[in-house]
Amino acid sequence: MLAAALVTQPVTIFLIVLGIILCAPLLLNKLKIPHIIGMIVAGVLVGPYGFNIIAKDSTFDLFGQVGLLYLMFLAGLEIDMYHLKLNLKRGLVFGLLTLAIPLVMGVASSVWILHLNWLTALMLGAMYASHTLIAYPVATRLGISKSPAVLISIVGTIIAVVGALLVLAATVSVRREGALNSMALLRLLVMMILYGIGVLYFYPRLTRIFFKHVNDKVTQYVYILTMVFLAAWIAQVIGLEGVLGAFFAGLVLNRYVPAGSSLMSSIEFVGNALFIPFFLISVGMMINARVILEHGTLAVTAIMLVVALVSKWLPAWIAQKANGLSAASRTVMFGLTTAHTAVALAVATLGFNLGMLDEQVLNSTILVILVTCAIAPIVTSGAAAKLKVEMLDSEDGTGDNLIKRTRHNNTLISVGSPLLAPPLIELAVLMRNDRGRHNFYAIHVRNENGNTARAVSRNALEEAAKAGAAADTKIETLDRFDVNVVTGLVNAINERDITEVIVGMHRRNAIIDSFFGNNISQLLKATNKMVIITRCFIPLNTLTRIMVWVPPKAQYETGFGRWVRNLARLTHQVGCRIIFCCTSECQPLIRGVIYQGNYGIRCEFETVEQWDDFIILSNKVLIDDLLVVVAARVNSVSYTGDMIEMPQFLQRYFAQNNLLVLYPEQFGEAAQSIESFADPNRSDVQTAPSPLWLKAKAVWRKIVK
């Protein structure tokens with residue numbers, strides 16, 4: 001019986017755990033050892049089989065289980081669904097290989113080398129077949145989570161774990177009832193199908209409704225965790241492992257948690273800082289390293305370890321050869337699928353309690369868990385670095401000079417009020433160029449210097465900075481005092497070498513007011529940079545489609561490639577479809593920009609040849625879609641006389657729709673200068689009223705119409 005732990009006070013226990021989480025990475029970085037190893041080894045040292053500093057009580061059982069579910073949830077959440085579908089068939093084949101080969105080798109070695117009975121051998125075969133993605137944080141940290149090797153391994157994990165659980169259920173049924181209960185297995189299969197259909201149907205609908213009505217990030221985070229643990233709990237109720245439920249929930253909720261969003265940053269931060277380290281430490285606390293020299297365990301352990309490693313290496317080797325992958329990809333697949341924890345522990349515990357496994361095999365199983373958990377992150381870390389270099393070389397090889405020249409982005413976001421700042425920052429961050437340097441500037445321009453004006457400016461910029469910090473993005477704030485909004489924006493554009501400007505859509509406040517407002521009209525004349533005007537009534541992560549209307553000859557504009565890449569990045573982050581409504585001549589060029597950028601998005605095209613086709617488009621845009629209109633400045637190549645009617649058309653038919661109007665970048669200098677202090681005779685576009693006769697004329701036109 002184990003002696004009492006040295007530390008039992010909760011605050012002291014938590015302090016020790018936090019010290020391990022803090023110091024292990026700092027120490028292991030110098031030794032070039034993966035952090036995961038440090039957490040597991042630290043758990044061995046402070047646990048009941050080490051120096052017995054901390055007892056493995058219900059607290060560690062709780063946090064350890066939560067950490068395992070969190071790890072699997074993150075694995076599902078961070079998957080690129082587009083690339084997952086591309087690698088689905090290869091993943092299914094790999095899953096069958098990594099299930100069948102360990103199962104066969106495990107049964108054969110247990111019967112003919114360890115001389116166990118067939119039923120016990122089948123149970124150990126289930127242990128060999130299953131694995132846990134304990135090394136997945138290594139792949140995430142090194143940026144290879146979207147590589148084919150990782151995606152194939154993830155699909156293979158689902159197949160292997162489900163198959164191992166079915167084999168385990170069959171062996172337990174035979175042990176308890178004396179015969180195979182086929183009805184129980186059939187019931188489990190039916191429940192699995194119903195469970196999958198239920199989660200796929202209800203989770204997206206509930207999440208979309210919730211996110212539309214609740215904007216608080218803390219509440220959204222709690223909702224996401226609730227749905228994850230609900231899926232895990234239901235999975236356990238029907239006889240599956242909770243890790244499968246958490247992973248499945250991550251796949252389904254993937255669509256509503258963009259990788260660059262503040263919600264994703266919060267989920268990753270909490271998991272990597274607390275829950276996942278707790279799980280790794282709890283794994284180490286279960287390991288009794290002293291059993292190596294007891295009861296001849298070493299020989300049995302060596303046999304089981306060779307079977308465990310070889311049976312996982314062979315599927316990776318076969319998959320690599322069959323799919324034409326590199327040696328680094330093979331090693332990554334082997335590293336991700338070689339660790340045994342969750343199902344292996346369940347097999348060991350259940351088999352020992354049922355009298356199917358003796359103490360020697362039980363201790364050997366625990367040692368297999370220890371060694372594979374130590375090997376997996378080391379192998380994955382070494383190969384992941386090589387695979388990342390291969391991915392970077394491939395990206396640079398496929399991109400053309402145009403893409404390489406546009407790696408520098410400076411985005412200026414005009415925040416007029418604290419309320420509008422967060423959605424504008426969110427849009428800018430989701431369009432972020434993560435393949436080069438991208439700077440963000442939030443600006444508030446005021447033409448008054450009173451306390452009220454300064455307070456509004458300060459509050460708006462503070463909200464912008466908070467929104468950026470929540471998404472782990474630095475936002476430089478600019479509080480500018482200038483003659484008017486347009487002058488301030490243009491001066492900031494010139495000073496900061498801005499490449500694109502994002503502004504909120506003007507709200508009409510008079511019958512004769514224009515759709516975009518005077519400020520936008522003046523800004524388009526004063527700068528040739530890309531201007532994005534946005535209005536969204538729902539959160540961006542709840543969009544179902546992005547509908548883009550592209551005018552004829554848009555491919556000849558200077559900023560064609562830039563706006564296509566911006567929309568491609570937005571689509572990739574949101575995870576929805578994008579439909580380009582454009583001419584047949586423009587379609588291959590848009591497709592080429594997306595292909596060269598390797599954005600991995602669902603892209604569709606509809607042929608639109610003239611303005612009348614755009615009018616018909618109004619019947620196809622739904623309330624959950626984002627309508628993007630690629631406009632054109634006067635005298636530009638793609639400008640036509642029909643565009644004069646565009647503001648009235650948008651106001652009439654799309655007043656309740658999410659809208660984004662985009663003016664591409666143009667060659668040359670600004671069309672004209674704007675107001676300045678040196679020219680007092682020029683009118684202030686923000687405050688100066690129109691002449692009375694113009695107002696009367698506009699009202700008369702409205703009445704006649």
Side-chain angles (χ1 to χ4, degrees), residues 94-132 134 153 156-157 159-175 180 287-289 291-319 330-331 333-376 379:
F94 176 68
L96 294 175
L97 289 173
T98 198
L99 169 66
I101 293 177
L103 186 62
V104 172
M105 290 185 63
V107 171
S109 62
S110 299
V111 172
W112 291 307
I113 299 179
L114 299 180
H115 306 292
L116 301 175
N117 61 65
W118 282 93
L119 192 61
T120 303
L122 199 60
M123 176 174 278
L124 284 179
M127 184 273 293
Y128 290 122
S130 68
H131 58 263
T132 304
I134 195 173
S153 300
T157 298
I159 303 299
V161 172
V162 171
L165 289 175
L166 291 174
V167 173
L168 179 61
T171 55
V172 172
S173 175
V174 173
R175 177 68 179 180
L180 178 63
I287 297 171
N288 185 0
V291 302
I292 297 177
L293 302 177
E294 297 178 1
H295 309 297
T297 305
L298 189 59
V300 177
T301 302
I303 295 172
M304 294 181 66
L305 188 59
V306 169
V307 174
L309 295 178
V310 173
S311 64
K312 287 297 181 182
W313 184 86
L314 282 176
W317 179 77
I318 295 173
R330 177 193 63 213
T331 308
M333 289 190 288
F334 169 65
L336 289 173
T337 59
T338 195
H340 301 272
T341 53
V343 179
L345 288 172
V347 169
T349 304
L350 192 58
F352 185 75
N353 293 335
L354 293 175
M356 301 174 66
L357 301 179
D358 58 18
E359 186 176 354
Q360 188 180 67
V361 177
L362 175 66
N363 290 335
S364 297
T365 303
I366 298 297
L367 285 173
V368 168
I369 294 173
L370 167 63
V371 176
T372 55
C373 287
I375 289 177
V379 171

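Only a predicted model underlies this, so the values are computations on that prediction, with no experimental measurement involved.
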Taking side chain as C-beta onward, heavy atoms only, is [X] less than 4.5 Å from [Y]?
| X | Y | answer |
| --- | --- | --- |
| Phe334 | Leu309 | yes |
| Leu305 | Leu367 | no |
| Tyr128 | Leu103 | no |

side-chain hydrogen bond (donor to acceptor under 3.5 Å, both in side chains) involving Thr120 - partner list, sequence neighbours excluded: Asn117
Where is the tightest heavy-atom contact between [X] and [Y], given as atom of each residue plus distance?
| X | Y | answer |
| --- | --- | --- |
| Pro315 | Leu97 | CG-O, 3.7 Å |
| Ala121 | Val107 | O-CG2, 3.6 Å |
| Met333 | Ala319 | CE-CB, 4.1 Å |
| Val167 | Ala126 | CG1-CB, 4.0 Å |
| Gly335 | Ala376 | O-CB, 3.3 Å |
| Ser364 | Met304 | CB-SD, 3.5 Å |

Would you confirm whether [X], through its side chain, and [Y], through its main-chain N or O, come within 3.5 Å as a donor-acceptor pair?
| X | Y | value |
| --- | --- | --- |
| Thr98 | Phe94 | no |
| Lys312 | Val307 | no |
| His340 | Met127 | yes |

Over 12 foreign heavy atoms within 6.0 Å of CH2, Trp317: no
side-chain contact (heavy atoms from CB on, under 4.5 Å) against Val104, all qualifying residues, sequence neighbours excluded: none
Gap separating the OG1 atom of Thr157 from the CG atom of Leu99, nearest 0.5 angstrom: 11.5 Å
Distance in Å, Ser311 OG paired with His131 NE2, rounded so as to fall on 0.5 Å steps: 11.0 Å
Name of the residue among Val361, Leu116, Leu119 meeting side chain to side chain contact (heavy atoms under 4.5 Å, CB included) with Met356: Leu119
